[in-house]
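Quick note on labels: first sequence line is chain A, next is B, and so on, each numbered from 1.
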There are 2 protein chains.
Amino acid sequence: MSGWEAIRAEVLSRIRRRDWPPGALIPNEEALAQEFGVARATVNRALSELARAGVLERRRKAGTRVTALPVRKATLDIPVIRAEVEARSQRHAHRLLARARQPLPPALAARLGAPAGADYLFLQTLHLADGRPHVLETRWLNPAVLPDPAPDFATLSINEWLVAHVGFATGDIAFSAEPASVEDAAALGCAAGAALFITERTTFTDVAPITFVRLAHAPGYRLQTLL
Amino acid sequence: MSGWEAIRAEVLSRIRRRDWPPGALIPNEEALAQEFGVARATVNRALSELARAGVLERRRKAGTRVTALPVRKATLDIPVIRAEVEARSQRHAHRLLARARQPLPPALAARLGAPAGADYLFLQTLHLADGRPHVLETRWLNPAVLPDPAPDFATLSINEWLVAHVGFATGDIAFSAEPASVEDAAALGCAAGAALFITERTTFTDVAPITFVRLAHAPGYRLQTLL
DNA sequence: CCTGGCTTTATGTATAGACATAATAGCGTC
DNA sequence: GACGCTATTATGTCTATACATAAAGCCAGG
């Protein structure tokens, strides 16, 4: 038995078998390396993976222990909407519903770390899957990141433009449930007050805020992942 | 400049600077190792991390390229409810609303890979934060994993018992928005039809299905994470 | 032109050895 | 006993080297 995946599996199974119960200290890397007949680096790789998954907690000098109250970590894939729709072999299209220069609402300015009342580009886009409303995207975009003249978002999806031109940035994302506003309902073709799955995302680079997006998903949307 | 984090940062900044635009093939590990004056393993570590984050795509022989349509990967922490409540320094309590042996509904049997109509333990628990309804937990539990006699879940939270005694298992998790049923509304103290954030989780070990849980979160709940 | 097999190549993983770093545990002092 | 310093120790990372593996591309034979 060798290879870091085999070792990870063996350690996991010992934990499941309660050879090493929650909270217990497990043998150090050197000991395990010797037991399994591999190099310490191989054991390190296996244990590091398990720590990343939240199964183990590791601290220098203190050693490695089985997590007592595990915070399960799930990895979500957040695809570009078009890719998501096309992955289900549906046709994707989008319609630009609104586009305006507008002062950023104070609540959003705070979240983005932008000056209050800054002049932002407001965009509202309806994404369609096979012609049916799929997601209503409401976005405030920092005009400073746009080239002059600004791209025509009627043809090119904003998000894809950002992905291609602004590149990778940090931010945060939040999920919640909200009743559909009258505006949401009209765009998505559902009843006002219907339960909608909402994704809110803020993104910024180290130098400037970029964008805030609220995605209102049509009823029935599920976000799913393996544990 | 050395250390895999420094190299990861440098590569990322070249991507952001569009030295290496989306879709481009980047130099191979050997070349980068030489350029940065480090061992290939160090470059490998840096590039592997970026691949895991979805920034790069790597294939043997084909090389490493910048992801064209990046699927952002967000890692969610899924805490035990009690820990989540106490982390906000609120008091956690729970009340067992229902407990019964009941045949597993066919839809759930299929999802858990259990025989149709199997006899499962049905449990409904209301979690309170500072005395106010927080989450309504509806669970079907495979009685085979329970010891005899079964623990008294009125005092001990089911989930914590499972975490401590069944240990790590695989499964999947899904998030959605649903209107509150009459039952949900009564337990959570909200209006029927209100938009609720729903978490559904199935867990099983390699040998047996364990449990299906539906968590109906009180209105206002947000699930948040850094990107 | 297609197909099967071989070669080449970039990444993936393993190894032994070394040094870095964080943090505990123990010791000595007050 | 309380405090602060130091020695010890487990993990974290790096290096150099080697072999494994997937897969793209080439070439030959049909």
Could you pull out all residues at least two apart from A:R17 that satisfy side-chain hydrogen bond (donor to acceptor under 3.5 Å, both in side chains)? A:S13, A:D19
Starting from [atom2] on [N], measure out to [atom1] on [X] and report it in whole angstrom.
X     : N      : atom1 : atom2 : answer
A:E30 : D:dG12 : CD    : P     : 14 Å
A:L47 : D:dT11 : CG    : P     : 7 Å
B:E29 : D:dC14 : CD    : P     : 14 Å
B:N44 : D:dA18 : CG    : C1'   : 15 Å

Starting at the 5' end of DNA chain D and moving along, which residue's nearest nucleotide shows up first, A:P27 or B:W4? A:P27
With heavy-atom distances below 4.5 Å as the criterion, would you say the side chains of A:H94 and A:E137 are in contact? no
With a 4.0 Å cutoff (strictly under), does any side-chain N or O of [X] reach OP1 or OP2 of [N]?
X     : N      : answer
B:T42 : D:dT13 : no
A:T64 : D:dT11 : yes
B:R45 : D:dT13 : yes

Neighbour count above 12 (heavy atom, 6.0 Å) for B:R14 CZ: yes
So which protein N/O to nucleotides 19-25 of chain D N/O distances come out below 3.5 Å?
residue, atom, partner, partner atom, Å
D:dT21, O2, B:R60, NE, 3.1
D:dA24, OP1, B:R59, NH2, 2.6

5'-most contact on DNA chain C (nearest-nucleotide basis), B:N28 vs A:A39, goes to B:N28
Evaluate A:E49 against B:R52 for salt bridge (charged side-chain N to carboxylate O under 4.0 Å, His left out), listing each step before the verdict. CA-CA 12 Å; A:E49 292 288 329; B:R52 189 199 298 272; 3.2 Å; yes
Under the criterion side chain to side chain donor-acceptor pair (under 3.5 Å), which of B:H127, B:E86, B:H134 is the partner of B:H92? B:H127
Please find the earliest and latest nucleotides of DNA chain C, in the 5' to 3' direction, that have an atom within less than 4.0 Å of any heavy atom of chain A. C:dT13 to C:dT24
Which atom pair, heavy atoms only, marks the closest approach of A:P115 to A:A109? O-CB, 4.0 Å
Sequence neighbours excluded, the answer for salt bridge (charged side-chain N to carboxylate O under 4.0 Å, His left out) partners of B:E57 is none
Hey, can you pull the donor-acceptor pairs under 3.5 Å for the side chains in residues 36-44 of chain A, sequence neighbours left out?
residue, atom, partner, partner atom, Å
A:R40, NH1, A:E29, OE1, 2.5
A:N44, OD1, A:S48, OG, 3.1
A:N44, ND2, A:E29, OE2, 2.9

Listed by chain and number, what are the side chain to side chain contact (heavy atoms under 4.5 Å, CB included) partners of B:A24, not counting sequence neighbours? B:P21
